[in-house]
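First the structure, then my questions, so here it is.
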Amino acid sequence: MRTHFLAIGCLALVLVCLGLFYGRPVIQNDGISYYALVVSLLEDHDFNLENQRAKYREVRVIPKPNSKVASYYSCGIAFLYAPFLYTMDLFPAIREARPYAQNVKFPFSHNLGIFLGSVFYSFLSIILAYYFLIHHQQLSPGRSLFLALSCFLGTPLLFYTFTVPSFTHASDTFLVTAAFLLAISKNKLQVGFIRFRNVLLGFFLAFSVLLRNNNIVIVPVMVLGVLYFERKEGWRQAIHTSLEIFGGALPVLIVHAFFNLSQYGKLIATGYVIDVQQRAQKRFFRFFWIFFHPVPGIYPWSPVALIASIGLVLAAIKKRSEALLAVAVAIVVIISIRFAAIIFPGSTFGQRLLTHLYIFWVFGLSEVFKRSRKLTIGLTAACLVWTFLLFNTYFILTGMRHSKIMAIKGGSSPHVWLQTAMESYQEAKTKGETTNPVEFWYRNLGAKPYPVILHLLRM
């Protein structure tokens with residue numbers, strides 16, 4: 001127990017340090033639309049975004065008859081982040097603070113609430129991964145913490161926790177992580193004739209869809225996986241399990257149904273419009289873009305995911321049921337991204353639409369680790385250095401004219417990021433604005449328009 005407390009304390013300390021040095025409590029891009037849903041729930045007690053749309057013109061909505069609007073996104077984020085915003089609003093000094101220009105529109109208490117929410121959900125995801133490695137993979141606490149943290153630091157989850165906290169990736173990761181671990185858990189949490197493991201699984205799966213409608217693709221895979229694990233118990237148990245999962249999902253489904261009716265006039269609907277272009281159809285099988293393309297690919301930015309993928313495949317080859325389920329979920333997520341032709345999801349840190357696969361990267365990396373510990377540690381360390389170097393270039397470029405490269409064709413390759421950062425450093429050195437790379441990096445942590453928390457504390 002003492003070892004676990006020490007590990008959790010170390011993890012909390014690491015996240016606090018990362019938050020100070022890299023945390024930007026800002027609301028931006030799609031995050032403004034997510035934020036509008038949270039505020040609508042808190043202030044209007046509904047999801048009618050007309051008031052928010054009038055105040056924040058950046059909110060993405062769908063026009064409706066009679067000059068009304070419907071939300072482009074689902075409402076799950078409102079329930080996940082409203083407690084944080086409500087708590088921060090209890091402190092008037094925080095609400096009235098104006099560290100950023102955007103705080104004229106967005107109270108800083110809301111900025112900070114969104115940020116703390118994302119950090120909290122990422123923290124929970126890492127904790128769940130830590131205990132998964134200990135109890136399922138039979139690894140020591142120290143090794144478990146190393147692997148869980150490595151997959152956090154070496155994938156886009158780090159970026160979207162501290163740099164773009166107003167997106168849904170941190171909370172999405174937590175829900176998918178919790179759902180997967182429940183699906184493979186041998187502890188059924190049985191009370192009487194009810195297996196609460198299944199009830200909780202249904203709740204988390206439904207909530208993940210309420211947060212991001214795209215997650216509907218993982219629901220049948222997870223449910224079928226659980227039924228496959230229990231296949232020896234007979235068809236009656238299969239029906240019982242299905243009913244328990246449905247029972248856990250039902251409260252969320254009711255909320256989702258009311259939301260859909262109020263927004264779109266249908267029980268089953270979404271604000272997304274999937275347009276499968278003819279060109280995308282012809283290239284349907286070019287899945288390697290998602291993995292290896294220098295702009296949106298996951299592996300060039302997060303090579304630790306490549307090691308993890310190898311581990312998952314090795315475990316699946318041995319027909320380990322948990323690995324087969326993990327691979328199946330990853331495959332349907334990737335197919336859904338390719339089918340919707342959204343491989344290039346805007347300016348992004350690698351393939352951000354795979355951020356919520358965090359627990360599967362942890363699973364795969366642990367499989368490689370169990371086969372060759374020293375080699376895995378060495379390769380993982382090298383991967384983290386690479387990804388963390390790329391991560392730092394964001395702070396060097398943000399606020400500079402060079403940041404325009406971020407928007408070219410949905411982003412730019414790691415080579416362009418690093419090259420541009422080096423050019424910026426040489427330019428600053430020529431002008432006498434800096435004397436060494438560390439000073440240049442630290443100064444630009446506080447570059448406009450979004451200083452990090454460390455610089456806010458110094459103001």
Side-chain angles (χ1 to χ4, degrees), residues 3 6-22 122-123 125-134 136-163 173 177 291-292 294 297-315 349-352 354-355 357-396 413-415 417-418 421-422 437-438 441-442 445:
T3 303
L6 182 61
I8 293 173
C10 290
L11 171 60
L13 180 62
V14 169
L15 293 186
V16 168
C17 292
L18 289 171
L20 287 173
F21 276 94
Y22 298 105
S122 287
F123 175 75
S125 298
I126 300 172
I127 291 296
L128 289 175
Y130 167 78
Y131 280 105
F132 160 75
L133 293 172
I134 290 176
H136 188 274
Q137 298 294 85
Q138 287 79 50
L139 295 178
S140 68
R143 290 163 179 166
S144 297
L145 183 62
F146 168 75
L147 295 176
L149 257 179
S150 294
C151 288
F152 173 75
L153 297 173
T155 66
L157 184 55
L158 169 68
F159 185 89
Y160 289 101
T161 296
F162 295 112
T163 302
T173 298
T177 298
F291 299 108
F292 297 103
I298 185 72
Y299 296 154
W301 299 86
S302 306
V304 71
L306 176 59
I307 302 174
S309 298
I310 294 172
L312 276 180
V313 171
L314 291 174
F349 188 90
Q351 184 47 260
R352 69 180 178 88
L354 298 183
T355 302
L357 299 185
Y358 164 76
I359 188 61
F360 306 119
W361 305 138
V362 172
F363 191 174
L365 187 62
S366 68
E367 287 295 321
V368 178
F369 181 82
K370 289 193 296 185
R371 287 166 172 79
S372 180
R373 294 179 180 178
K374 291 184 179 180
L375 179 62
T376 302
I377 291 175
L379 289 176
T380 300
C383 291
L384 293 186
V385 169
W386 170 252
T387 300
F388 207 65
L389 180 62
L390 292 177
F391 177 67
N392 275 272
T393 61
Y394 174 88
F395 298 94
I396 295 175
S413 67
H415 170 72
W417 275 42
L418 294 172
M422 183 58 67
V438 175
W441 165 79
Y442 179 77
L445 281 175

| field | Side-chain heavy atoms of Leu389 within contact of Pro414, under 4.5 Å | value |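 Leu389 does not reach Pro414 side chain to side chain.
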| query | Is there a side-chain contact between Thr163 and Phe391, using heavy atoms and a 4.5 Å cut-off? | reply |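 In contact.
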| So, Trp386 side chain and Val304 main chain: donor-acceptor pair closer than 3.5 Å or not? | no
| note | Heavy-atom closest pair (Gln351 atom, Ile298 atom, distance to 0.1 Å) is CB-N, 3.8 Å
| field | Working for side chain to side chain contact (heavy atoms under 4.5 Å, CB included), residues Leu133 and Arg143 | value | CA-CA 9 Å; Leu133 293 172; Arg143 290 163 179 166; over 6 Å; no
| query | Going from CD1 on Ile126 to OG on Ser144, what distance comes out if it is rounded to the nearest 0.5 angstrom? | reply | 13.5 Å
| Leu139 side chain near Phe369 side chain, heavy-atom distance below 4.5 Å | yes
| said: Taking Ala148's backbone N and O only, do any of them form a donor-acceptor pair with Tyr358's side chain (distance below 3.5 Å, no angle check)? | reply: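 A pair under 3.5 Å: yes.
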| task | Compute the ring centroids of Phe132 and Phe363, then answer whether they are less than 6.0 Å apart. | result | yes
| Spacing of OG belonging to Ser366 relative to CD1 belonging to Ile134, to within rounding of 0.5 Å | 12.0 Å
| Are the side chain of Thr376 and the backbone N or O of Val368 linked by a donor-acceptor pair below 3.5 Å? | yes
| said: Check whether Tyr160 reaches the backbone of Phe349 with its side chain - one donor and one acceptor, N or O, closer than 3.5 Å. | reply: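 Yes; at least one donor-acceptor contact below 3.5 Å.
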| Do the two ring centres, one from Tyr394 and one from Tyr22, sit under 6.0 Å apart? |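 Distance test on ring centres: not under 6.0 Å, no.
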| query | Under a 4.5 Å cut-off applied to non-hydrogen side-chain atoms, are Ser413 and Pro300 in contact? | reply | no
| message | With heavy-atom distances below 4.5 Å as the criterion, would you say the side chains of Trp301 and Thr155 are in contact? | response |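 They are not in contact (no side-chain heavy atoms under 4.5 Å apart), so the answer is no.
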| query | So do the side chains of Phe152 and Trp361 get within less than 4.5 Å of each other, counting heavy atoms only? | reply |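 When only atoms from C-beta onward are counted, Trp361 and Phe152 do not touch, as no gap falls below 4.5 Å.
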| request: Check Tyr130 against Ala7 and note the closest heavy-atom contact, atom names and distance. | output: OH-CB, 3.5 Å
| Taking every non-hydrogen atom, the tightest pair across Thr173 and Thr355 | OG1-O, 3.6 Å
| remark: Separation between SG (Cys151) and CG (Leu147), nearest 0.5 Å, reads 7.0 Å
| Rounded to the nearest 0.5 Å, how far does CE of Met422 lie from CD1 of Ile396? |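 It is 8.5 Å, given to the nearest 0.5 Å.
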| Test side chain to side chain contact (heavy atoms under 4.5 Å, CB included) applied to Phe123 and Val14, Leu128, Ile8, the passing residue |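 Of all the options given, the one that passes is Ile8.
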| said: Measuring from atom OG1 of Thr380 to atom CZ of Arg373, what distance do you get when rounded to the nearest 0.5 angstrom? | reply: 13.5 Å
| message | How long is the straight-line distance from CG of Leu18 back to CG of Leu13, given to the nearest 0.5 Å? | response | 9.5 Å
| query | Side chains of Tyr299 and Ser309: donor-acceptor distance under 3.5 Å anywhere? | reply |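 Yes, a side-chain donor-acceptor pair sits under 3.5 Å.
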| request: Measure the shortest side-chain to side-chain distance between Leu145 and Leu11 over non-hydrogen atoms and say whether it is less than 4.5 angstrom. | output: yes
| said: Contact between Ser150 and Leu365 at the side-chain level, heavy atoms closer than 4.5 Å - yes or no? | reply: yes
| task | Please check if the side chain of Ser302 supplies one atom and the backbone of Gly154 the other of a donor-acceptor pair under 3.5 Å. | result | yes
